[in-house]
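Here, residue 1 is the first one in the sequence, and each next residue gets the next number.
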Amino acid sequence: MWIMIAGPYRHGSSDPEQWAKNLQLLNDYAYLVHQKGHVPVIGVNAALPIIEQAGQEHYSAIMMPISLALAERCDAVLRVGGPSKGADQEVALFKKKGLPIYTDVAAIPTV
């Protein structure tokens, strides 16, 4: 399965060090999903290089559209971390489609 890792990136923080910690957590979970035999997908990882090229003033116009487009193509989602409006939007897509929503890596089947 292609499994989206959904969690906070910038939510509630204006501190780039916290953003980096949040991204590291998402990537840590992605590695665990990969170890279970699945393809992990993180919207932030797809959007950040584009935002870097376009400029931070385009963050809002790029981040969630890219993340939500990726979510549309995934088979399941792993919701991690704390509060995040963006992650909750991603999870809502999976709920609407009736696709698996995981909150624990252990619940993801190994292939």
Side-chain angles (χ1 to χ4, degrees):
M1 287 189 290
W2 283 44
I3 300 178
M4 172 156 273
I5 315 302
Y9 173 61
R10 289 193 355 176
H11 182 84
S13 174
S14 59
D15 179 9
E17 288 183 23
Q18 183 61 50
W19 304 343
K21 288 178 185 175
N22 291 342
L23 184 55
Q24 183 61 53
L25 180 68
L26 294 172
N27 287 324
D28 289 345
Y29 277 105
Y31 179 62
L32 296 173
V33 167
H34 170 73
Q35 287 182 309
K36 292 193 142 241
H38 302 284
V39 177
V41 176
I42 301 173
V44 175
N45 284 340
L48 284 179
I50 301 166
I51 293 166
E52 184 177 314
Q53 186 67 28
Q56 285 297 316
E57 66 271 18
H58 299 285
Y59 180 90
S60 294
I62 296 171
M63 180 59 75
M64 285 314 299
I66 295 283
S67 291
L68 292 172
L70 285 172
E72 286 285 350
R73 288 156 175 81
C74 290
D75 306 302
V77 64
L78 172 62
R79 177 62 166 94
V80 299
S84 170
K85 182 179 174 183
D88 292 344
Q89 287 178 295
E90 293 164 349
V91 169
L93 288 175
F94 291 90
K95 185 174 183 178
K96 181 179 175 182
K97 290 177 154 186
L99 294 173
I101 299 168
Y102 299 105
T103 56
D104 184 352
V105 174
I108 298 172
T110 301
V111 292

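- Heavy-atom contacts from other residues, nucleotides or ligands closer than 6.0 Å to CD of E52 number 12 or fewer.
- When all heavy atoms of G7 and S84 are compared, the closest pair comes out as O-OG, 3.7 Å.
- Considering only heavy atoms from C-beta on, L99 stays 4.5 Å or farther from L93 through its side chain.
- In this structure, T103 and L78 approach most closely via the heavy-atom pair C-CD1, 3.9 Å.
- The side chain to side chain contact (heavy atoms under 4.5 Å, CB included) test applied to A54 returns H58, I62, not counting sequence neighbours.
- Of the residues listed (P40, P109, C74), the one engaging M1 in a side-chain contact (heavy atoms from CB on, under 4.5 Å) is P109, and it is the only one.
- The minimum heavy-atom distance linking G81 with P8 is given by the pair CA-CD, 3.9 Å.
- Side chains of S13 and W19 form a contact here, defined as non-hydrogen atoms less than 4.5 Å apart.
- Ring geometry for Y59 versus Y9: interplanar angle under 30°, hence parallel rather than tilted (30 to 60°).
- Using a 4.0 Å cut-off between a side-chain N of Lys or Arg and a carboxylate O of Asp or Glu, R79 and E90 do not qualify as a salt bridge.
- Note that the CD1 atom of I42 and the OH atom of Y29 stand 12.0 Å from one another [nearest 0.5 Å].
- Expressed to the nearest 0.5 Å, how far NE2 of H34 lies from CD1 of I5 amounts to 12.0 Å.
- Closest non-hydrogen pair, V77 versus A6, comes out as CG2-CB, 3.7 Å.
- N27 places a side-chain heavy atom less than 4.5 Å from the side chain of N45.
- Here the straight-line distance linking atom CD1 of I51 with atom CE of M63 works out to 4.0 Å at 0.5 Å rounding.
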Please assess N22 against Q18 for the test side chain to side chain contact (heavy atoms under 4.5 Å, CB included), listing each intermediate value before the final yes or no.
-> CA-CA 6 Å; N22 291 342; Q18 183 61 50; 2.9 Å; yes

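- With sequence neighbours excluded, no residue forms a side chain to side chain contact (heavy atoms under 4.5 Å, CB included) with E57.
- Within 6.0 Å of the CD atom in Q53, the count of heavy atoms belonging to other residues, nucleotides or ligands does not exceed 12.
- Here the closest non-hydrogen pair linking P65 and A61 is CG-O, 3.3 Å.
- Formation of a donor-acceptor pair under 3.5 Å by the K97 side chain with backbone atoms of D75 is not found in this model.
- A107 and Y102 get closest at one heavy-atom pair: O-CE2, 3.5 Å.
- Judged as a side chain to side chain contact (heavy atoms under 4.5 Å, CB included), and not counting sequence neighbours, the contacts of D28 are Q24.
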